[in-house]
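Take a look at the structure set out below.
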There are 2 protein chains.
Amino acid sequence: MNLMKSEPDHRLMIKTFQEDFMPHEKLLMIPGPTNLNPNVLQSLSKPLLSHTDPQFYELLDQIQNGIRYLFQTNNPYTFAITGSATIAMETAICNLLLPGQTLLSLVHGYWGNRVATMGSRLGYNTNIIQNNKFGENFTLIQIENALRKYRPSVMYVCHGDSSLGCVQNLNGIGKLCHRYNCLLIVDAVVSLCTTQLEMDNMEIDVLFSGCQKALSGPPGISLISFSDKAVQIIKSRSNMCPISSFYMDINLVAKAWGLDNNNVHTYHYTPAINLLYGIHTAIREIINEDLSKVIERHQKAKHYLEKQIQNIGLKLLIQESENRLAGITSVLIPDDIDGNMLIQFMYTKHDILIGGSLLASDPNVPKFWRIGYLGVNADRKKINQTIESLQDALQQQRNKFKAHL
Amino acid sequence: MNLMKSEPDHRLMIKTFQEDFMPHEKLLMIPGPTNLNPNVLQSLSKPLLSHTDPQFYELLDQIQNGIRYLFQTNNPYTFAITGSATIAMETAICNLLLPGQTLLSLVHGYWGNRVATMGSRLGYNTNIIQNNKFGENFTLIQIENALRKYRPSVMYVCHGDSSLGCVQNLNGIGKLCHRYNCLLIVDAVVSLCTTQLEMDNMEIDVLFSGCQKALSGPPGISLISFSDKAVQIIKSRSNMCPISSFYMDINLVAKAWGLDNNNVHTYHYTPAINLLYGIHTAIREIINEDLSKVIERHQKAKHYLEKQIQNIGLKLLIQESENRLAGITSVLIPDDIDGNMLIQFMYTKHDILIGGSLLASDPNVPKFWRIGYLGVNADRKKINQTIESLQDALQQQRNKFKAHL
């Protein structure tokens, strides 16, 4: 075989591979991914099962039941998807609507706009509603007005918006949507296990989340569940108008998970088996702690962090306490501080990473940091470490500033 | 918080989680996933980096270069995608064609039909050509006739078809396609690292593969590269007619990999960071062994296995030796043997799993097993173990058969 022609280039390309890649350890106080639970991390290296092994089907069954527990649902169509939460988002909307139908997206921050972009690409008649005030909840009256005006067949709302660190109260929204013959998609990527969430009681039609947030699991795998109403639509369109994506087709996903044909598992694609070990262990850790206690731990961490932030003289982005998310807190950057330099300093000197803003390019949005404390990081000791290093970094910048005067 | 309403159900659901999930170890002599290289398996449990960490960008750069080496290409647009190889397949075709354009798929076995299904869903004018004889190569004349007849803008060919264990000679196909102004997509999911493959020299426009085959890496992550011609199309359509999938948009993938804006990495989705550790280590192992030696090892394993199979009186599905793939060998099931029972027996008694047929439901296809020897399993010792257990299983079934007479 002749590798001659391009060999010199490839030699150069691969010279960086001479050393093994060793990621440094950092405390990830960001909106995600969070540090993995050590047991979850270890579980990724379990021996590989074939995706056709009966023991693998057992694993799938357990994971389905685990997700049902986390989501508080009895929906049969409940899966883990090989792909990031963004693919769960796309899967949710592309399975429920036909091109030309109407999608309504409630925009708090970044994610509502992403869904609107997806909706337009998929050929839906896409509408958004937006509040003037950052992180403010949409009221049932506002939502009802929008439902009346746009008559959407599907509405999307982000339960916890990680871009602002706000939470939307879901009470009554599902019932309201159903009164207007509209299905409700809820994005629980960062609210799952940090905030009370009951899929069936809240009448949610599609709920999705990621593994790399409050589950302290690996990124690259996502969770999703469909109500009976949603499944009915998915099944009825399957032959006459299949969705454009083969990969995301929930009819095929359901067959692969053994749900559509007497427990026969039909090949769809080879799933991320190691990440399924990860999600299984992550769910198991939550069961052992108890879901309600995990939520309580995040809520307590929220109040504790908010108090500490205010104690060191910083201000929160979101005004009303009940609009503030547990798991991610947005902190305004004081005028005399360079936000990126501070992140850099904490990262280099203290091995702690906090988050910048996803909305930094928007001149109408104030400058803020996002401090995450998700999963194993929703912990008083780690919050104290973060606050101390934040104080040190603020001090350092102010000293530098004084030295320049 | 009130979990009362559905608690009894969820208690039942989660009772299986009381024990940790321990997958049994099997020798995976199947068409994939294969057993992981132990170093790759361990690498999955390295500490998690943030996807915004400068060290993570270094990892991305190294992986890109590594894939360029495996693919023998200098293409800038060369990535690992968070998702199975099926999503790489869909990404390849959905980025290159607009609805209404023409796709030609060369059908050897299962995969060419899958691409045709995807093409129809995406609204392409989709054509296939097919040979009568299993695993036979398409000749340049046949291909030219089809190009002249259908005038496709994109043609798909599976280099190594895992459903039959056959390999298509690629020599001259790229040049021929380009003469007809057609881009060439090559599926190298099972041929990468088992068969000579040079993307640039062979004038391939999109090449993709998976990690769970000859790389002996984890499933759930795929490899893909785009030629300059392909990138030109992708860029020119990006504003006027973006592809329907946000997740699979190569313009956004390129930005996330730092390729489109002076090394600035724009957020697209959180990638499967642990699986990227896996793919990095897998590539490193191949560099250490040398790509040409890895290919040679698979070729030798092919000849060795074929000889052993014939020695124990079994017949191969594919007639011509040069049409037979290295890495997966299809073996005809003798009339007096129950194929599934034999797989079961080898699995239970010998902890060795061999593959059944993806085409078993087609009455026109003879019954055969597929024996995989991919990555670390392309090894004489493992092949010997497989042959011995296969002999034992054949013996057992024949004894049973005699006892029934």
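Nothing here was measured: the structure is a model prediction, and the numbers come from that model. Residue numbers begin at 1 in each chain, while the letters A, B, ... track the order of the sequences. Keep in mind that the numbers below use all heavy atoms, side chains included, and drop hydrogens, waters and symmetry copies.
To the nearest 0.5 Å, atoms CG (B:L353) and CG (A:L49) are separated by 10.0 Å. B:I63 CD1 to A:F21 CZ: the interatomic distance, rounded to the nearest 0.5 Å, is 8.0 Å. Taking CZ from B:R114 and NE2 from A:H268, the interatomic distance works out to 6.5 Å, rounded to the nearest 0.5 Å. Distance check, rounded to the nearest 0.5 Å: CG of A:L48 to OG1 of B:T34 gives 8.5 Å. Annotation: the span from B:D20 atom CG to A:N39 atom CG amounts to 8.0 Å, rounded to 0.5 Å. In this structure, the separation between OG on B:S50 and CG on A:N35 is 10.0 Å, given to the nearest 0.5 Å.
For A:E90 (side chain) and B:F246 (main-chain N/O), a donor-acceptor pair under 3.5 Å exists by modelled atom type. The backbone N or O of A:S84 lies less than 3.5 Å from no partner atom in the side chain of B:T82, so there is not a single donor-acceptor pair. No donor-acceptor distance shorter than 3.5 angstrom exists from the side chain of B:R121 to the backbone of A:P242, with no hydrogens or angles considered. Proximity of a side-chain donor or acceptor of A:Q55 to a complementary backbone N or O of B:M22 within less than 3.5 Å is detected. B:Q42 contributes no side-chain N or O that, together with a main-chain N or O of A:S45, makes up a donor-acceptor pair within less than 3.5 Å.
Annotation for A:E289: atom CD counts as buried by contact number, over 12 foreign heavy atoms lying within 6.0 Å.
Each of A:P218, A:P271, A:P38 has some count of heavy-atom pairs under 4.5 Å with chain B, and the biggest count is that of A:P271. Of the residues considered (B:G278, B:A272, B:P99, B:G355), B:A272 shows the highest number of contacts with chain A, using heavy-atom pairs under 4.5 Å. Comparing A:I30, A:T117, A:V40, A:I273 by how many heavy-atom pairs each has under 4.5 Å with chain B, the most go to A:I273. Of the residues considered (B:G220, B:C241, B:P219), B:P219 shows the highest number of contacts with chain A, using heavy-atom pairs under 4.5 Å. Ranked by heavy-atom pairs under 4.5 Å with chain A, the first of B:C211, B:P23, B:S244 is B:P23. Of the listed residues (A:P33, A:A85, A:G210, A:S43), the one with the most heavy-atom contacts under 4.5 Å to chain B is A:P33. Heavy-atom pairs under 4.5 Å with chain B were tallied for A:N288, A:L59, A:I221; the largest tally goes to A:L59.
Proximity to chain B (any heavy atom under 4.5 Å) is restricted, for A:I287, to the side chain, taken from C-beta onward. A:L28 touches chain B through its side chain: at least one heavy atom from C-beta onward sits under 4.5 Å away, while N, CA, C and O do not. Only the backbone of A:E19 comes within less than 4.5 Å of a heavy atom in chain B; its side chain stays farther off. Both the backbone and the side chain of A:S245 come within contact range of chain B, judged by heavy atoms closer than 4.5 Å. For A:I243, the parts sitting under 4.5 Å from any heavy atom of chain B are the backbone and the side chain alike. Contacts of A:Y110 with chain B are made by side-chain atoms alone, with heavy-atom separations under 4.5 Å and no backbone atom involved. Proximity to chain B involves both the backbone and the side chain of A:L41, based on heavy atoms less than 4.5 angstrom apart. Contact of B:Q212 with chain A is made through the side chain alone, with heavy-atom distances under 4.5 Å. For A:I87, the parts lying near chain B are the backbone and the side chain together; criterion is any non-hydrogen pair under 4.5 Å.
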| Going through the distances and angles, do B:L36 and A:N274 end up as a side chain to side chain contact (heavy atoms under 4.5 Å, CB included)? | CA-CA 10 Å; B:L36 270 70; A:N274 307 77; 4.2 Å; yes
| field | Pair B:L44-A:Y277, side chain to side chain contact (heavy atoms under 4.5 Å, CB included): steps then yes or no | value | CA-CA 12 Å; B:L44 302 179; A:Y277 296 155; over 6 Å; no
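B:H24 and A:D53 share a donor-acceptor pair across their side chains, judged by distance under 3.5 Å alone.
In this pair, A:H280 and B:F17 present their aromatic rings parallel. The plane angle is below 30°, not in the 30 to 60° band.
Summarising the geometry of B:G32 relative to A:H51, their closest heavy-atom pair is O-CE1, 3.7 Å, with the distance given to 0.1 Å.
Residues B:P54 and A:Y347 have side chains in contact (heavy-atom distance under 4.5 Å, counting atoms from C-beta outward).
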